[in-house]
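Here the structure comes first, spelled out in structure tokens, and everything after it is commentary.
What you see below is based on every heavy atom in this structure, not just the backbone, and it leaves out hydrogens, waters and symmetry mates. The structure presented is a predicted model; accordingly, all values stated were derived computationally and were not measured.
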Amino acid sequence: MNFIPLLFYSCAFFLLVAYILSITIAVRGIKANKEQKRSKSNKNIKPDIIIAYHNEEKKLPALIKDLLSQTHKQFRVLWVNDSSTDNSETIIRKQGKQLYQHLLNNPEKGKKQAIRYAIREINAPLWLFTDADCRLPCTWVSDYIAHFENQGSGLYFGSVIYNANNWLEKIFALEFLSLTGTGTGLALKGMPVYMNGANYAITSDLGSAYNRSKDAHLASGDDVFLLHTVKNHFGAEKIKACPDRSMIVKTASPATLKTFIKQRMRWGGKATAYRDWHAQGLAILVFSITSAQLASFFFIQYWLPFIMLWLGKIITDFVALHTYSLSWKHPGWVKYFFIMAPLYPFYIFTTAMLGLISPANKWLK
């Protein structure tokens, strides 16, 4: 083997080993986790639930129904109108009239600013957050309260998975499950890197993290930058993953490939603003190993290391997704892995590059 191919494959296998170690840590975190039995939630604790909405008139009735069905009844909902032009506010007032609720109008634009506007109105010890297009389990509020009572001050985050109906949506759901599982597993091992803003709670003593975060110029990332801020200012031990199946929030899968790509571009584009070295390292590692897979086609004549590189990455991903799918009770999704696996490096590289070169204000469209 010539010097350049030898150097390339040496670097590629170093990246592969680092990737395998990272995913192994996440998988072990998921496997080691055992859901603890928790006592019933304290009725004296009255959390505030913050929900920003933008033209969600079709999704709001289902969410309101879920809020009315909560086993813990003592809570207030703060609805924040984020420049809606449809009948969302009318639906909230009419169908949510049995809720203890307060409606706000965000004077600025964007979910992040809507949340920061709403927290000025909060006076509860525990703040819960979800999105207007989500579905909640009936124990969602009570489970967060129980975690709060058992573990005290912290930033708690639960799992979010896609509702998937057809084969394309199931591929999207499986890819999203890889993010959910890895993020949860690493957090359970004391290395939190990201969470999903559709399912989390934070105690009031950590509320200052919203003002300490230095990401106001970005349209996306209210969740991951909050996690990094809490981690940096209060310590990683304050971040607590809650993979309980009774706390899973569901949301609709992207309906088209275009929507999916635009969403991943938005997520990938904010990676350059990360200030947490775990998150930076993971983002660089994933981009580097997928780039190495693509670059290996230039040295495909060295078929043995080529196959070892691709096979090592594919086996690692399959083991991880198999573990995550069993933990979240969606084993049927794994069969779509064999469609996703050969395309994954191309998708990661393309969305990452497009996310980096796209202007941040395009993310709002």
Partner of W127 under side chain to side chain contact (heavy atoms under 4.5 Å, CB included), picked from L78, I115, I122, is I122

Can you confirm whether the side chains of W328 and S159 place a donor and an acceptor under 3.5 Å from each other?
yes

**Prompt:** Could you walk me through whether F287 and F349 pass the ring pair (Phe, Tyr, Trp, His ring centres under 6.0 Å) check?
**Reply:** CA-CA 7 Å; F287 180 76; F349 183 84; 5.6 Å; yes

Note to self: I'd like to know if W277 and I284 are part of one continuous hydrophobic network [Ile/Leu/Val/Met/Phe/Trp/Tyr, side-chain heavy atoms within less than 4.5 Å].
What the structure shows: no

Q | S288 side chain vs L285 backbone, donor-acceptor pair below 3.5 Å | A | no

inquiry  = Do V141 and P47 make a side-chain contact, defined as non-hydrogen atoms from C-beta onward lying under 4.5 Å apart?
reply    = yes

Value for CD1 (I119) from OG (S208), rounded to nearest 0.5 Å, stands at 9.5 Å

Contact check, side chains of C138 and D66, non-hydrogen atoms, under 4.5 Å
no

Checking I248, T180, N33 against P243 for side chain to side chain contact (heavy atoms under 4.5 Å, CB included), the one that qualifies is N33

Could you pull out all donor-acceptor pairs under 3.5 Å where a side-chain atom in residues 8-26 meets a protein atom, sequence neighbours excluded?
unit_1, atom_1, unit_2, atom_2, d
Y9, OH, F299, O, 3.2
S10, OG, L6, O, 2.7
Y19, OH, D317, OD1, 2.4
S22, OG, A18, O, 3.0
T24, OG1, I20, O, 2.6

Assess, by modelled atom type and distance only, whether the side chains of Y324 and T182 contain a donor and an acceptor separated by less than 3.5 Å. yes

Note to self: Is it true that D223 and N196 share a donor-acceptor pair across their side chains at a distance under 3.5 Å?
What the structure shows: no

To the nearest 0.5 Å, atom CG of L321 lies from atom OG of S178 at 5.5 Å

Sub-4.5 Å side-chain heavy-atom contact between L128 and Y200: no

_Side-chain donor/acceptor of S253 to backbone N/O of F172, under 3.5 Å_ = no

### Message
Strictly distance-based, threshold 3.5 Å: is any side-chain N or O of H147 a donor or acceptor partner for the main-chain N or O of C242?
### Response
no

request  = Give the cluster check for I64 versus L103: same hydrophobic cluster or not, with ILVMFWY residues linked at side-chain heavy-atom distances below 4.5 Å.
outcome  = yes

message: Is a donor from one side chain sitting under 3.5 angstrom from an acceptor on the other, for S142 and T71?
response: yes

- Task: Show the numbers, then the answer: is there a side-chain contact (heavy atoms from CB on, under 4.5 Å) between T251 and V160?
- Result: CA-CA 7 Å; T251 189; V160 180; 4.0 Å; yes

- K170-H330 side chain donor-acceptor pair, cut-off 3.5 Å: no

- Would you check, one step at a time, whether the test side-chain contact (heavy atoms from CB on, under 4.5 Å) holds for F260 with L168? CA-CA 10 Å; F260 175 79; L168 183 61; over 6 Å; no

Distance col, row Y162:OH vs W333:CH2, nearest 0.5 angstrom, shows 10.0 Å

Exercise. Does some side-chain heavy atom of D131 sit less than 4.5 Å from a side-chain heavy atom of K111?
Worked result: yes

- Query: Just by modelled atom types, is the L126 backbone N or O under 3.5 Å from a matching donor or acceptor in the S204 side chain?
  - Reply: no

Task: Q101-W79 side chain donor-acceptor pair, cut-off 3.5 Å - done: yes

Among the clusters formed by ILVMFWY side chains lying less than 4.5 Å apart, do I145 and L68 turn up in the same one?
yes

| said: Below 30° counts as parallel, above 60° as perpendicular, anything between as tilted: where do the rings of F297 and F346 land? | reply: tilted

Within the structure provided, determine whether I314 and Y344 are in side-chain contact (heavy-atom separation under 4.5 Å).
no

Looking at K109 and D82, does any basic side-chain N land under 4.0 Å from a carboxylate oxygen?
-> no

Full working for side-chain contact (heavy atoms from CB on, under 4.5 Å) between K31 and R28: CA-CA 5 Å; K31 286 185 174 181; R28 287 182 175 178; 5.6 Å; no

Check: Does the side chain of D244 come under 3.5 Å of the side chain of S246 through a donor N or O and an acceptor N or O?
Finding: no

Interatomic distance, CZ@F337 vs CD1@I171, rounded to 0.5 Å, equals 12.0 Å

Report task. State, yes or no, whether a side-chain contact exists between C134 and K250 at a heavy-atom distance under 4.5 Å. Result -> no

Between I348 and T351 the two heavy atoms that sit nearest each other are O-OG1, 3.3 Å

- Query: Would you say the side-chain atoms of T256 and T259 include a donor-acceptor pair closer than 3.5 Å?
  - Reply: yes

- prompt: Does one side chain, of W140 or N199, offer a donor that lies under 3.5 Å from an acceptor on the other?
  reply: yes

| query | Would you find a donor on one side and an acceptor on the other, under 3.5 Å apart, between the side chain of N2 and the backbone of P5? | reply | no

NZ of K65 to CD of Q70, rounded to nearest 0.5 Å, is 13.0 Å

Tightest non-hydrogen contact, residues N123 and D48, listed as N-OD2, 3.6 Å

- Message: Quick check: do Q74 and I45 have side-chain heavy atoms less than 4.5 Å from each other?
- Response: no

When rounded to the nearest 0.5 Å, the distance separating OH of Y336 from CG of L174 is 10.0 Å

Check: I261 main-chain N/O paired with Y347 side-chain donor or acceptor under 3.5 Å = no

Q: Measure the acute angle between the ring planes of Y156 and Y144, then classify it against the limits of 30° and 60° as parallel, tilted or perpendicular.
A: perpendicular

Using 30° and 60° as the class limits, which term best fits the ring planes of F318 and H322: parallel, tilted or perpendicular?
-> parallel

- Taking C-beta and beyond as the side chain, do M195 and L226 meet within less than 4.5 Å on heavy atoms? yes

Tell me whether T316 contacts the main-chain N or O of G312 through its side chain, where contact means a donor paired with an acceptor under 3.5 Å. yes

Quick one: does any side-chain atom of S84 pair with a main-chain N or O of N55 as donor and acceptor, under 3.5 Å?
yes

Exercise. Walk me through it: do R264 and E175 pass the test salt bridge (Lys or Arg N to Asp or Glu O under 4.0 Å)?
Key: CA-CA 11 Å; R264 295 311 189 266; E175 190 273 346; 2.6 Å; yes

